[in-house]
Amino acid sequence: MTDIAIIGGGAAGAAVFGELLKHDDTGAVHWIVGRSAPGRGVAYATNEERHLLNVRAAGMGVFADQSEEFVQYAARERASVQATEFLPRRLFGEFIEVQVASRIREAQARGRRFAIHADQVVGLHALPEGGYRLELAAATLDVDAAVLATGALTPRPLKAVADEALASGAYELDPWRLRQHASSPRRVLVIGTGLTAVDTLISASTRCPHAELVAVSRDGRLPF
């Protein structure tokens, strides 16, 4: 009997959670997902149709033996889908939720023990007798093993950014919060030209249609 905790509510956490549910064990599987929709994480929580996957539809999946291929799911949700398309990340987030829900129903029918915690892990400590103690925001949880599936680290400001800039509200650490800004700026400067920068510029072009959009990077190239 092994109690396992999975820390992280994104796609990686969902994949581990679903695979563990398939294994018959008298121990419990605990999935700590935070406050966001389980399975979506940062990458697939977007509702912007123009935020696309960077892998073609035929190459996307959650489980090795999933009940339905992503291309099949997408074809049911959209009028026309090609396996070679780069589809919206929102659509893959929905697919993850459907696949995990299917695993949960199967686990419940078999009596598999599990729990999904809408909470944050604030501490993780090794116990002298083995295993780990998880300090959640609202409780503690002792398990035999823990899986870290936390994805990207919390954004931090560049060292050169002054405290005044941070306090002004003009310097945004989280690019996904751009739509929450009340004012429409005259210029939006994006530091970096990777995939997140592309998504940010796409969103800014809709959110701030009259703003000048500028991206800077060391090599000045967009992702292929």
Side-chain angles (χ1 to χ4, degrees), residues 6-15 31-55 60 62 85-97 116-124 135-138 148-224:
I6 304 159
I7 304 169
W31 187 18
I32 296 92
V33 300
R35 304 299 182 188
S36 58
R40 287 182 175 267
V42 173
Y44 308 116
T46 177
N47 289 318
E48 170 62 69
E49 281 293 301
R50 294 185 297 169
H51 289 173
L52 304 181
L53 296 166
N54 61 349
V55 175
M60 296 298 295
V62 186
E85 280 188 83
F86 296 94
L87 294 174
R89 295 208 306 273
R90 171 197 62 77
L91 194 61
F92 188 68
E94 294 174 0
F95 176 71
I96 294 172
E97 290 181 330
I116 301 175
H117 304 265
D119 206 341
Q120 300 281 350
V121 176
V122 296
L124 176 64
E135 293 181 19
L136 308 182
L148 297 180
T150 54
L153 298 175
T154 302
R156 293 188 294 177
L158 297 173
K159 291 181 179 180
V161 177
D163 292 338
E164 292 80 3
L166 292 174
S168 71
Y171 187 93
E172 180 55 72
L173 281 173
D174 186 351
W176 311 114
R177 287 171 46 89
L178 181 65
R179 63 183 180 274
Q180 298 179 19
H181 285 244
S183 62
S184 182
R186 289 178 296 133
R187 179 182 296 117
V188 176
L189 174 68
V190 178
I191 302 173
T193 55
L195 294 171
T196 300
V198 171
D199 286 343
T200 301
L201 291 167
I202 288 172
S203 295
S205 69
T206 302
R207 174 71 178 79
C208 315
H210 303 296
E212 177 187 9
L213 305 181
V214 181
V216 297
S217 75
R218 285 170 292 188
D219 55 20
R221 292 184 295 179
L222 292 169
F224 289 110

Drop me the distance from [X]'s [atom1] to [Y]'s [atom2], to the nearest 0.5 angstrom.
X      : Y      : atom1 : atom2 : answer
Glu49  : Leu91  : CD    : CG    : 7.5 Å
Ile32  : Thr150 : CD1   : OG1   : 12.0 Å
Arg90  : Leu52  : CZ    : CG    : 11.0 Å
Leu158 : Leu173 : CG    : CG    : 9.0 Å
Arg207 : Thr200 : CZ    : OG1   : 13.5 Å
Leu53  : Leu87  : CG    : CG    : 6.5 Å

Show the nearest heavy-atom pair for residues [X] and [Y], with the distance to one decimal.
X      : Y      : result
Ala138 : Asp119 : N-OD2, 3.2 Å
Gly192 : Ala197 : O-CB, 3.2 Å
Ser168 : Ala165 : OG-O, 2.6 Å
Pro223 : Gly194 : CG-C, 4.0 Å
Leu201 : Ala215 : CD1-CB, 4.1 Å
Ile202 : Arg50  : O-NH2, 3.2 Å

Only one of Leu222, Val198, Val216 passes side chain to side chain contact (heavy atoms under 4.5 Å, CB included) with Thr193, and that residue is Leu222
With a 4.5 Å limit on heavy-atom distance, are the side chains of [X] and [Y] in contact?
X      : Y      : value
Arg40  : Glu94  : yes
Ser205 : Leu213 : yes
Glu48  : Asp199 : no

Is it true that, when you exclude Arg35 itself, more than 12 heavy atoms of the residues, nucleotides or ligands shown sit nearer than 6.0 Å to its CZ? yes
So the ring pair (Phe, Tyr, Trp, His ring centres under 6.0 Å) pairs with at least one residue in residues 152-178 (sequence neighbours excluded) are His51-Trp176
Polar side-chain atom of Trp31 near backbone of Ala118 as donor-acceptor pair, under 3.5 Å
no
